[in-house]
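The structure appears right after this line, and notes come after that.
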Amino acid sequence: MKKEEEKTDEQDIAIKVEGVYKDFDLPHEKQNSLKYKIVHPFKSKTTIEKQHALKDISFEVKKGEFFGIVGRNGSGKSTLLKILAEIYTPTNGKVIVNGSLTPFIELDVGFNAELTGRENVYLNGAMLGFSTKEMEKMYDEIVEFAELEKFMDQKLKNYSSGMQVRLAFSVAIRAKSDILLLDEVLAVGD
């Protein structure tokens, strides 16, 4: 009976993080330039300091739950979310994600400044797995939500940063996924 209970418990878990560590190497001196080598001919290698961003992080989030991470600047919140989104790999430990995951970490990633707002909507939708027909059905709703009706045929490089993020957010919230990761993206609204 216990094995059956354990199996059911595992199926109820959306995210499981076990003993995750993340270290970054921080170089203290650059000796890449010719000038540096001439000025410091006898200096040996650059010294490297280990930055321990995450140390032994473990938790579980069950399906249907909301889970928040709160902490000071530099405490590793974004690093952890990037590990969950598979942008970074942990130095040690493991992460199990059951279901499809959409990260809202850097919303404008995948946007092209040389394309129009309209073209970027379709491009970003394709990156999220939507077909052209699906995007055509959602297009008016996306533009209305972003409040950018007059600007959709202008190149994205002419948009303000707020306009770009509103457009990206409007597309991103339509993603079909089981798990949403949010990192400071709710600051896009006025």
Side-chain angles (χ1 to χ4, degrees), residues 10 12-33 35-37 39-40 43-113 120 123-124 127-128 145-146 156-157 159-190:
E10 290 293 319
D12 291 338
I13 295 172
I15 297 173
K16 186 173 188 174
V17 174
E18 294 179 340
V20 168
Y21 289 79
K22 181 62 180 172
D23 297 333
F24 293 99
D25 291 335
L26 303 176
H28 283 291
E29 296 176 24
K30 289 185 178 179
Q31 57 181 12
N32 301 349
S33 70
K35 177 184 172 186
Y36 183 89
K37 289 180 181 179
V39 174
H40 305 286
K43 280 258 184 177
S44 60
K45 295 182 180 181
T46 302
T47 58
I48 306 263
E49 177 186 346
K50 285 273 188 211
Q51 173 69 42
H52 304 291
L54 300 173
K55 296 178 187 175
D56 197 20
I57 304 296
S58 298
F59 62 88
E60 291 180 355
V61 181
K62 292 185 179 175
K63 292 179 180 177
E65 285 184 337
F66 290 88
F67 184 80
I69 302 169
V70 179
R72 293 180 175 181
N73 288 337
S75 64
K77 301 178 301 289
S78 293
T79 300
L80 179 58
L81 291 177
K82 287 179 180 177
I83 288 173
L84 295 176
E86 297 183 336
I87 295 168
Y88 292 161
T89 55
T91 304
N92 211 347
K94 71 178 183 175
V95 174
I96 300 166
V97 176
N98 293 319
S100 59
L101 183 141
T102 300
F104 295 151
I105 294 175
E106 296 174 22
L107 282 175
D108 57 350
V109 170
F111 271 40
N112 183 330
N120 272 292
L123 174 65
N124 212 269
M127 289 172 55
L128 290 171
F145 182 83
L156 205 68
K157 67 182 180 183
Y159 285 29
S160 70
S161 58
M163 291 165 72
Q164 289 181 30
V165 173
R166 281 200 327 263
L167 185 60
F169 185 75
S170 186
V171 175
I173 60 174
R174 280 142 182 87
K176 305 171 197 171
S177 66
D178 302 318
I179 302 166
L180 301 176
L181 292 182
L182 305 172
D183 187 13
E184 300 177 3
V185 295
L186 298 179
V188 301
D190 294 334

Quick one: does Ile69's side chain get under 4.5 Å of Leu81's, heavy atoms only? yes

Are the side chains of Phe169 and Leu167 in touch, meaning some heavy atoms are under 4.5 Å apart? no

Is any side-chain heavy atom of Ile57 closer than 4.5 Å to one of Tyr21? no

Could you tell me whether the side chain of Thr79 and the main chain of Ala53 form a donor-acceptor pair under 3.5 Å? no

List the residues meeting side-chain hydrogen bond (donor to acceptor under 3.5 Å, both in side chains) with Glu18, not counting sequence neighbours, and say none if there are none. Lys16

What is the distance from atom CZ of Arg166 to atom OG of Ser161, rounded to the nearest 0.5 Å? 10.0 Å

Less than 4.5 Å apart, any side-chain heavy atom of Phe111 and any of Leu123? no

Non-hydrogen side-chain atoms of Phe67 and Ile15 separated by less than 4.5 Å: no

Between Ile48 and Leu26, does a side-chain contact (heavy atoms from CB on, under 4.5 Å) hold up when you go through it step by step? CA-CA 5 Å; Ile48 306 263; Leu26 303 176; 6.0 Å; no

Tell me, do Val20 and Asp56 make a side-chain contact under 4.5 Å, heavy atoms counted? no

Please identify each residue that fulfils side-chain hydrogen bond (donor to acceptor under 3.5 Å, both in side chains) with Asp25, with sequence neighbours left out. Lys50

What is the distance from atom CG of Leu181 to atom OG of Ser78, rounded to the nearest 0.5 Å? 11.0 Å

Closest heavy-atom pair and its distance - Gly19, Ser58: N-OG, 2.8 Å

Report all side-chain donor-acceptor pairs from residues 83-100 shorter than 3.5 Å, counting only partners two or more places apart or in another chain.
residue	atom	partner	partner atom	Å
Thr91	OG1	Asp23	N	2.8
Asn98	ND2	Ile13	O	2.8
Ser100	OG	Asp178	N	3.0

Within-4.5 Å side-chain heavy-atom neighbours: Lys63 and Asp12: no

Tyr159 six-ring centre to Lys157 NZ/CZ under 6.0 Å and within 45° of normal: no

